Amino acid sequence: MGFGKGHHLHLIDGSAFIFRAYHALPPLTRKSDGLPVGAVSGFCNMLQRYVDGNTGSNAPTHVAVIFDKGSHTFRNEIYDQYKANRDAMPEDLRPQIPLTRRATEAFNIACEEMEGFEADDMIATLAVNARAAGGRCTIISSDKDLMQLVGDGVEMFDAMKNVTIDTEGVEAKFGVGPERVVDVQALAGDSVDNVPGAPGIGVKTAALLINEYGSLEELLDRAEEIKQPKRRQTLVEFADQIRLSKRLVQLDCETPLTFTLDDLEVRDPDPDKLMSFLAEMEFRTLTKRIADKLDVEAPAIAEPEPTAVDAPSMPDLKDAVYDAVGSAEDLQSWIDRIYARGWVAVDTETTSLNEMQADLVGISLCVEPGHACYIPLAHKAGGDDLFGSEERSEGQMDFDEALKLLKPVLEDPSVLKIGQNMKYDAKIFSHYDITVAPIDDTMLLSYALHAGLHNHSMDALSERYLGHTPIPIKSLLGTGKSAITFDRVPVDKAVPYAAEDADVTLRLWHLFKPLLHQKQVTTVYETLERPLVPVLAQMERNGIKVDRDTLSRMSNAFSQKMAALEDEIHELAGGSFNVGSPKQLGEILFDRLELPGGKKGKTGAYGTGADILEDLATEHEMPRRVLDWRQLSKLKSTYTDALQDHINQYTGRVHTSYSIAGANTGRLASTDPNLQNIPIRTEEGRRIREAFVADEGNLLVSLDYSQIELRILAHIADIPALKKAFKDGIDIHAMTASEMFDVALEDMTPDVRRKAKAINFGVIYGISGFGLARNLRIPREEAQGFIDRYFERFPGIRAYMDDTIAFAKEREYVQTLFGRKINTPEINAKGPHAGFARRAAINAPIQGTAADVIRRAMIRMPDAIKDLPAKMLLQVHDELIFEVPEDAVDETVKIVRDVMETASEPVVKLDVPLTVDAGQGKSWAEAH
DNA sequence: GACATCACG
DNA sequence: GACGTACGTGATGTCC
């Protein structure tokens with residue numbers, strides 16, 4: 001019986017799968033010969049996931065993967081610029097294309113392509129045929145060009161987002177139904193495919209017009225009736241171009257297919273064929289996983305000749321054996337194993353994520369992948385009541401005895417301790433007088449290797465590199481208010497969770513460690529990441545003294561001022577509302593008071609950001625009051641109130657936590673609380689810093705790099721004028737202004753200097769005329785003129801930007817002067833992503849090099865100040881803060897300044913001096 | 001949990 | 001009238 005009623009056709013957009021697979025994965029190569037196979041691997045994973053998801057009523061009766069073939073189609077005949085702006089296919093993707101065809105066949109799924117026809121047209125023809133025959137059709141794709149096909153039994157499915165796109169979905173996207181999508185696309189054009197459309201008309205406007213006139217033809221026929229003169233002129237003038245665009249976006253439903261729907265009937269997998277293909281590609285994990293699913297033997301994949309440190313073949317995580325250790329004898333046998341091996345993965349379980357108030361609950365160890373243990377030490381016995389009992393649960397060995405046995409191993413210089421985020425575990429152990437060393441950290445390995453590609457949490461890494469989802473902690477602790485602490489988790493539940501973490505960590509280490517050399521980031525890891533762990537741990541333990549009374553007084557003062565402002569605002573608004581709600585405020589300002597300039601964002605709410613209110617404040621009273629209220633509200637909630645909650649009850653100090661692998665560029669990030677964004681720019685906010693004080697008899701000393709990013713830019717981009725100015729110690733912004741605006745340095749006005757300063761920063765951020773215009777509140781043309789002039793005066797800047805972008809496009813990463821790699825996977829993407837990626841790529845080497853410099857200074861600091869009573873407390877990107885007894889301040893400043901100013905050496909000798917400004921005082925307000 | 005807003009370098 | 005727009009972060013409040 002032929003395809004018809006009751007049948008369901010699935011059409012997979014093959015090119016979209018390939019593209020996503022390629023960009024989602026690191027450039028994986030086949031071990032035996034280096035053939036790039038990352039995209040093939042991702043493609044197979046996606047196909048497998050697709051097959052797994054085909055259950056129940058949505059299961060297809062017919063299925064095919066449709067590919068593009070050849071680049072020349074009828075669209076190029078009618079418009080030679082069609083898709084002309086596409087970049088060439090990346091070199092390492094090209095050889096993978098035929099392999100994805102073979103992969104599809106290996107999965108025993110029909111694989112169709114036709115020379116000279118786009119996949120989209122084949123999909124259109126098949127979908128229309130399926131509908132005509134009375135069947136259903138689901139197109140697995142999120143490509144908007146296919147949305148015109150939706151309706152009447154045809155729908156789309158976005159496999160990445162796991163959402164179905166039906167008629168309503170299309171309407172949400174285009175503002176018109178599927179049957180009018182081509183009309184809207186013809187008007188709006190498409191930068192990705194280089195479809196011209198009508199200049200100045202986007203999807204929104206296009207939908208508006210089509211809805212008003214009913215169809216594109218009608219609209220073009222009656223174009224003269226359009227009220228807006230500009231629009232009318234555009235439509236009349238570009239009518240031919242719009243008609244051409246429609247022919248380009250209209251899919252051809254009459255592709256002369258060389259096969260029929262019946263050829264696409266779903267076939268059972270052929271295990272032999274599939275296994276041999278996967279084995280040929282050397283996809284070890286995937287082969288194993290699919291073999292299990294099909295219940296067949298996984299073929300052996302030959303290991304290439306072993307190198308010095310190579311990952312052992314690791315047993316499946318499902319077969320892992322996890323022991324509970326309950327006695328000294330058990331523990332000793334694990335310790336023996338550790339000494340025999342020379343390394344061990346360690347993980348601690350505690351009562352809190354905050355290391356300062358976390359108590360140790362248990363420890364897990366893993367020496368060989370697939371065999372790990374958990375040593376429960378402080379689990380409480382479960383009770384029937386909600387809170388459980390305070391009694392220690394049975395079967396746990398003595399807490400002190402366990403630590404006494406473990407201390408020698410953890411401190412043994414010949415045994416490597418491997419952890420995921422070791423700073424945390426090291427701090428926990430330090431509470432029990434154990435100094436864990438030497439260490440490796442899988443989070444930092446991943447950061448050195450993969451910054452910019454993904455985050456480096458264990459869950460993310462396990463998912464991505466082991467194809468395994470670890471047991472979620474939430475499944476043990478619950479969430480929200482009813483969440484329990486780990487000591488309340490029954491031991492039998494804790495063992496598989498905790499031991500698995502150590503197992504996963506060790507597996508990741510085996511994978512990542514050999515890659516350091518391959519990717520040439522060993523030095524980065526060993527000199528910029530790993531040594532920072534003990535330094536930051538010490539700083540976090542030090543904490544900084546914060547005076548509660550000062551904060552509390554300020555908090556009260558803020559409350560009163562806010563209440564007064566609130567009354568005035570309500571008065572001006574003509575009624576009470578929540579000033580803290582941007583939504584309500586927007587409606588009051590722009591609907592009720594009908595102030596000008598109301599602009600709704602993508603969520604349909606009015607924007608009420610500071611820049612918008614600032615503009616309104618010149619004409620009206622209320623926006624200024626709201627701005628003042630907002631400032632106080634921010635200061636109170638984020639600083640004077642929240643900071644008090646972070647004062648540790650035992651130390652009286654605030655202990656932040658630095659994340660080493662948070663920011664892609666190499667910068668640190670500070671959390672719980674964030675001490676890198678304490679106010680300073682306004683007088684009122686700056687006073688918060690008065691609450692950060694030195695301990696009795698001490699002073700706070702702050703040393704910060706002056707203009708470090710601009711200096712690095714001058715060096716990297718090799719700009720003689722900038723370099724000279726820094727060497728001569730001239731005010732850099734004034735110098736820039738003088739160069740650009742032909743004003744002598746003596747005659748410099750603050751306003752001209754301000755503009756130059758904005759441009760200098762703009763350059764570091766990957767300047768655009770639009771951005772500078774907005775920042776300086778000047779016309780865009782004027783801003784663009786400034787930029788042009790800047791490039792004219794400092795041609796090296798342009799060259800640096802172009803070179804950096806070219807490098808990034810070629811290698812998909814950029815580098816700092818110290819070899820840190822920041823991956824830029826989006827750099828070759830099309831559409832709005834591309835602009836972001838370009839600017840980030842320009843900024844990353846500059847911001848990243850500055851981050852590397854201060855990291856180097858921090859790593860050298862403990863040794864440099866070891867004979868001084870000074871303590872390093874905080875880092876704020878280009879600033880270090882110390883607490884020093886008064887009589888040692890001068891000596892400390894001298895030594896710290898020297899370490900900071902020479903931090904790049906001897907690896908990098910900068911062409912510009914790095915200079916450091918120093919300040920001191922009882923409080924941070926005085927010191928900075 | 002998404003979004004808007006705003007604090008810092 | 002707008003593809004979209006300065007880089008990198010984290011915390012808070014509202015609203016669904």
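First the proteins, then the strands, lettered A, B, ... as listed; each starts at 1. Values in this document were obtained by computation on a predicted structure and should not be read as measured data.
A/Ile767 comes within 4.0 angstrom of a base, heavy atoms only. Residue contacts for A/Gly762: at a heavy-atom cut-off of 4.0 Å it reaches a base atom on one of the strands shown. Contact annotation for A/Ile846: no contact, since no heavy-atom pair falls under 4.0 Å across all strands. Backbone-only engagement by A/Gly580 is indicated by non-hydrogen atom pairs under 4.0 Å involving sugar-phosphate atoms exclusively. A/Asn775 comes within 4.0 angstrom of a nucleotide base, judged by non-hydrogen atoms across all strands. At a threshold of 4.0 angstrom between heavy atoms, the contacts of A/Lys830 with the nucleic acid are absent. A/Ser768 comes within contact range of at least one nucleobase, with a heavy-atom separation under 4.0 Å. Among the protein residues, A/Ala758 comes within range of the nucleic acid bases, having at least one heavy atom under 4.0 Å from a base atom.
Mapping A/Ala642 and A/Leu668 onto DNA chain C by nearest heavy atom places A/Leu668 closer to the 5' end of the strand.
Of all heavy-atom pairs between A/Ala223 and A/Val236, the closest is CB-CG2, 4.0 Å.
The nearest whole Å value for the distance from the CG atom in A/Asp672 to the P atom in C/dT9 is 17 Å. Rounding to whole angstrom units, NE2 of residue A/His928 and P of B/dA7 are separated by 17 Å. Rounded to a whole Å, the CG atom of A/Asn674 is 6 Å from the P atom of C/dA11. Look at CG on A/Leu632: it is 15 Å from C1' on C/dT12, rounded to the nearest Å. If you measure from atom NZ of A/Lys636 to atom P of C/dA11, you get 19 Å, rounded to the nearest angstrom.
With salt bridges taken as basic N to acidic carboxylate O contacts below 4.0 Å, none links A/Glu529 and A/Lys423. Salt-bridge check for A/Arg777 with A/Asp611: failed, with every basic side-chain N at 4.0 Å or more from each acidic carboxylate O.
Side-chain atoms of A/Arg681 come within donor-acceptor range of the base of B/dG9, with a qualifying N/O pair under 3.5 Å. Judged by atom type and distance alone, A/Arg780 reaches the base of C/dT5 through a side-chain donor-acceptor pair under 3.5 Å. For A/Lys583 against C/dC15, no side-chain N or O and base N or O form a donor-acceptor pair under 3.5 Å. For A/Arg231 against C/dG1, no side-chain N or O and base N or O form a donor-acceptor pair under 3.5 Å.
For A/Arg667 and C/dG8, the shortest distance from a side-chain N or O to OP1 or OP2 is not below 4.0 Å. Side-chain N/O atoms of A/Gln584 include one lying less than 4.0 angstrom from OP1 or OP2 on C/dC15. OP1 or OP2 of B/dA4 sits under 4.0 Å from a side-chain N or O of A/Thr603. Residue A/Thr608 places at least one side-chain N or O closer than 4.0 Å to OP1 or OP2 of B/dT5.
Among the nucleotides B/dC8, C/dT12, C/dC7, the one closest to any side-chain atom of A/Gln847 is C/dC7. Among the nucleotides B/dT5, C/dC16, B/dC8, the one closest to the side chain of A/Arg630 is B/dT5.
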- Could you spell out the base pairing of DNA chain C in dot-bracket, with Watson-Crick or G-U pairs whose two distances are under 3.5 Å, [ ] crossing and | to another strand? ......|||||||||.

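Between A/Asn760 and A/His733, the side chains place a donor N or O and an acceptor N or O closer than 3.5 Å (distance only, hydrogens not considered).
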- Task: Apply the test side-chain contact (heavy atoms from CB on, under 4.5 Å) to residues A/Ile881 and A/His928: give CA-CA distance (whole Å), side-chain angles for both, the deciding distance (0.1 Å), then the verdict.
- Result: CA-CA 9 Å; A/Ile881 291 136; A/His928 187 87; over 6 Å; no

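Side-chain atoms of A/Arg856 come within 3.5 Å of backbone N or O of A/Ala903 as a donor-acceptor pair.
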